Amino acid sequence: MAMASIARRKMTLISRCSGSLTSFSRTFASSSSDENDVVVIGGGPGGYVAAIKAAQLGLKTTCIEKRGTLGGTCLNVGCIPSKALLHSSHMYHEAKHTFANHGVKFSSVEVDLPAMMAQKDKAVSGLTKGVEGLFKKNKVNYVKGYGKFISPSEISVDTIEGGNIVVKGKHIIIATGSDIKSLPGVTIDEKRIVSSTGALALSEIPKKLVVIGGGYIGLEMGSVWARLGSEVTVVEFAPDIVPTMDGEVRKQFKRTLEKQKMKFMLTTKVVSVDTSSDGVKLTLEPAAGGDQSILEADVVLISAGRTPFTSELGLDKIGVETDKMGRIPVNERFATNVPGVYAIGDVIPGPMLAHKAEEDGVACAEFLAGKVGHVDYDLVPGVVYTHPEVASVGKTEEQVKALGIEYRVGKFPMLANSRAKTINDAEGLVKIIAEKETDKILGVHIMAPNAGELIHEAVLALQYGASSEDIARTCHAHPTMAEAVKEAAMATYDKAIHI
Ligand SMILES: Cc1cc2nc3c(=O)[nH]c(=O)nc-3n(C[C@H](O)[C@H](O)[C@H](O)COP(=O)(O)OP(=O)(O)OC[C@H]3O[C@@H](n4cnc5c(N)ncnc54)[C@H](O)[C@@H]3O)c2cc1C
Ligand SMILES: NC(=O)c1ccc[n+]([C@@H]2O[C@H](COP(=O)([O-])OP(=O)(O)OC[C@H]3O[C@@H](n4cnc5c(N)ncnc54)[C@H](O)[C@@H]3O)[C@@H](O)[C@H]2O)c1
């Protein structure tokens, strides 16, 4: 059944796309030489991908970026540097705590923080330059500067070199992303009170690090510094960390992080932050009110969410609406309320993730080229890159219950997976939720060392409406961690073999 649906889908897409390209080429054949078909404001994963895709589809495209380097938050101060530090700190932690179990012994292991930071910076600069190379290859015009709307088709750019130019376009895509956000009354100095950007560049390992917000950034950056020796306490307003995660997986995940010596203060709010002495003193209170307590820190990381970035963009000048969270509402074609102006990525509603921004970028460019684009926000995978990683796609058990859907759950612990045992890294599980009547997979949640890679089998399965039996009857290589996905699928509609 699943195979038939794949074939049907492909045919629909092909028939929708062909034909429209010809009419598009005609539409743009008369472009004047200084006017672009598409102007993208912002060179992050949303913007640079939209620009490349638009150029590949034959549109004359310019991308404006104020930072001086391409790749946006993700490449410069987000996904890439954080994953570099997560990997380096994991290597140190492994060398110190688990290599001996494999018969590999050192007389001493130490952290060279400047070298670790240099490795991170090398990864960042290599990748940002790589995107610049992709712009050249695809003939995307790159303007370095701060863009502001003069009209719905004209952008004034204060260039990094100090001049001003006006860039014109038939279609403008806003891809200005998101920015760090503090708490009311707390100033981020990026030294003692840091955002993720400061936490990626500390010059010393803090003795005590307090993390405000137990979401993606808090747990990833908290893990980095905990592995390097900081005493890390996470203060979270909600009753649980990563509130969007499947409850059962989250419970195991939290236990694992506690074993790694991270402390959690849940249902707790920060009332004030005092930096008048050498360290930082935080006054805390239960979320519902009650007795206050003091928590001391050398460094405080504020990771309580990010905010859409539309500062000084001139949206009010051309009448682009924003919602009460500052995001730009768009329709299914990424069009804002102003004709010719589109928005994608972190600046619009939806998950604030780099791969979602990229999907938006491709789909938006396809629409502008007269083709059909498509992004299903319900099937965007999420990964927390701790160790083990936690990855998910589709619905949690709580969501399925709330929808009143009858369902079955299949689980398989990594402890029973031969590859995980072989490498002595067997914490976690695979959990699959499928509709009871049809066996169609509704959600997959994985905690495993490489969950961020394993999840893609599940993403594909959900994308094509597969059943748990479809995965279970697919041959998986042995010994691999992916066999845990197959076994969990078997357990969903029948029984697992290896437990
Ligand atoms: C620490 C951290 C770790 C993260 N890790 C991950 C991860 O592992 N995986 C993941 O999927 N996501 C991760 N994210 C989220 C990810 O970075 C964002 O979802 C993604 O970057 C959004 O892409 P974007 O193109 O919409 O915006 P951005 O990447 O924010 O890019 C927008 C760009 O627009 C530029 N800009 C803004 N206004 C103007 C203007 N007026 N003129 C010119 N240029 C302008 C900005 O300088 C910026 O470069 C992480 C974020 C952080 C902070
Ligand atoms: N691996 C990844 O994909 C990855 C990594 C880092 C960041 N990101 C993205 O970046 C965005 C920002 O990350 P984030 O971790 O800042 O946000 P988040 O939304 O993931 O987590 C914020 C957490 O802070 C809590 N919180 C909010 N206000 C609080 C307060 N006053 N006191 C205590 N806790 C409070 C929330 O309940 C939530 O648990 C996320 O939307 C995420 O999608 C993704």
Side-chain angles (χ1 to χ4, degrees), residues 40-50 63-83 85-86 128 143-149 155-158 160 174-184 186 195-197 199-200 211-222 234-245 265-271 284 287 301-315 343-348 350-358 360-361 380-386 389-391 452:
V40 185
I41 312 176
Y48 86 71
V49 168
C63 181
I64 304 164
E65 169 56 60
K66 68 178 170 58
R67 192 185 288 271
T69 54
L70 291 168
T73 303
C74 180
L75 266 69
N76 291 279
V77 288
C79 329
I80 298 304
S82 61
K83 267 79 253 176
L85 288 186
L86 276 157
T128 55
V143 174
K144 294 185 184 179
Y146 205 116
K148 293 170 199 168
F149 280 98
I155 310 295
S156 154
V157 185
D158 293 330
I160 284 180
I174 303 169
T176 50
S178 63
D179 200 6
I180 55 173
K181 190 174 84 178
S182 191
L183 299 179
V186 181
S195 69
S196 52
T197 304
L200 287 165
V211 173
I212 303 178
Y216 281 77
I217 293 179
L219 300 181
E220 289 185 356
M221 294 315 299
V234 177
V235 179
E236 167 61 56
F237 187 78
D240 259 311
I241 55 170
V242 206
T244 50
M245 199 179 266
M265 298 182 73
L266 304 176
T267 333
T268 302
K269 69 178 173 205
V270 178
V271 177
L284 308 177
L301 163 62
I302 300 191
S303 50
R306 290 174 61 85
T307 187
F309 186 78
T310 54
S311 167
E312 291 179 53
L313 191 56
L315 292 187
I344 58 170
D346 275 11
V347 81
I348 67 170
M352 282 183 162
L353 294 170
H355 41 284
K356 176 265 183 189
E358 291 185 34
D360 286 356
V380 173
V383 183
V384 188
Y385 295 88
T386 45
E389 295 175 350
V390 183

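Read the numbers this way: they start at 1 and go in the same order the structure lists the ligands and their atoms. Everything quoted here is computed from the prediction, not taken from an experiment.
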Would you kindly specify which portion of Pro243 sits under 4.0 Å from ligand 2, judged on non-hydrogen atoms: side chain, backbone, both or neither?
side chain
Distance under 4.0 Å to a non-hydrogen atom of Ala357: what atoms of ligand 1 satisfy this?
23 (O), 26 (O)
I'd like to check whether Tyr146 has a polar contact with ligand 1, where a contact means an N/O of the residue lying under 3.5 Å from an N/O of the ligand.
no
Atom indices of ligand 1 within 4.0 angstrom of Met352 heavy atoms, with elements
15 (C), 19 (O)
Got the closest protein heavy atom to atom 51 (C) of ligand 1, with its distance?
Gly78 CA, 4.1 Å
Ligand 1 and Asp346, any nitrogen or oxygen pair closer than 3.5 angstrom?
yes
Have a look at ligand 1 and work out which part of Lys83, if any, has a heavy atom under 4.0 Å from it: side chain, backbone, both or neither.
side chain
Asp179 side chain to Arg306 main-chain N or O, any donor-acceptor pair under 3.5 Å?
no
Atoms of ligand 2, numbered as shown, that sit under 4.0 Å from any heavy atom of Leu353:
3 (O), 43 (O), 44 (C)
Atoms of ligand 1 less than 4.0 Å from Gly345 heavy atoms?
26 (O)
Mind checking whether Ile41 contacts ligand 1 via backbone (N, CA, C, O), side chain (CB onward), both or neither, at a 4.0 Å heavy-atom cut-off?
side chain
So, regarding Ser311 and ligand 1 (criterion: nitrogen or oxygen to nitrogen or oxygen, under 3.5 Å), is there a contact or not?
no
Is the contact between Phe309 and ligand 1 made by the side chain, the backbone, both, or neither, using heavy atoms and a 4.0 Å cut-off?
side chain
Go through the steps to decide whether Thr73 and Asp346 satisfy the test side chain to side chain donor-acceptor pair (under 3.5 Å), and finish with yes or no.
CA-CA 10 Å; Thr73 303; Asp346 275 11; 5.7 Å; no
Element-labelled atoms of ligand 1 that are located less than 4.0 Å from some non-hydrogen atom of Gly145:
42 (N), 43 (C)
For ligand 1, which is the ligand I care about here, please tell me if Leu200 has any N or O atom under 3.5 Å from one of the ligand's N or O atoms.
no
For ligand 1, indicate whether the residue Ile217 contacts it via side chain, backbone, both or neither (heavy-atom separation under 4.0 Å).
side chain
Nitrogen or oxygen of Gly46 less than 3.5 angstrom from that of ligand 1:
yes
Interfacing atoms of ligand 1 (cut-off 4.0 Å, heavy-atom, Ser82)
3 (C)
Return the residue, atom name and 0.1 Å-rounded distance of the protein heavy atom closest to atom 49 (O) of ligand 1.
Glu65 OE1, 2.7 Å
Suppose we measure from atom 6 (C) of ligand 1 to each protein heavy atom; which comes out shortest, and what is that distance?
Cys79 SG, 3.3 Å
Would you kindly specify which portion of Glu220 sits under 4.0 Å from ligand 2, judged on non-hydrogen atoms: side chain, backbone, both or neither?
side chain
Of the side chain and backbone of Ile241, name the one, both, or neither that has a heavy atom under 4.0 Å from an atom of ligand 2.
neither
Nearest-neighbour protein heavy atom for atom 31 (O) of ligand 1, which is reported as residue plus atom name and distance:
Gly44 CA, 3.5 Å
By number and element, which atoms of ligand 2 are closer than 4.0 Å to a non-hydrogen atom of Ile212?
32 (N), 33 (C)
Closest non-hydrogen atom pair between Ser303 and Gly218, with its separation:
OG-CA, 3.4 Å
Gly147 N/O under 3.5 Å from ligand 1 N/O
yes
Give the residue and atom name of whichever protein heavy atom lies nearest to atom 11 (O) of ligand 1, and the separation in Å to one decimal.
Ala354 N, 2.8 Å
Looking only at protein heavy atoms, which one is nearest to atom 30 (O) of ligand 1, and what is the separation?
Thr73 OG1, 2.6 Å
So the atoms of ligand 1 within less than 4.0 Å of a heavy atom of Ser178 turn out to be 30 (O)
Closer than 4.0 Å to some heavy atom of Ile64 - which atoms of ligand 1 meet that?
43 (C), 44 (N)
Numbered atoms of ligand 1 (with element) below 4.0 Å of Tyr385, judged on heavy atoms
8 (O)
Classify the contact between Arg306 and ligand 1 as side chain, backbone, both or neither, using a heavy-atom distance cut-off of under 4.0 Å.
side chain
Any N or O on Ser196 sitting closer than 3.5 Å to an N or O of ligand 1?
no
Protein contact to atom 39 (C) of ligand 1 [nearest heavy atom, distance to 0.1 Å]:
Thr176 CG2, 3.7 Å
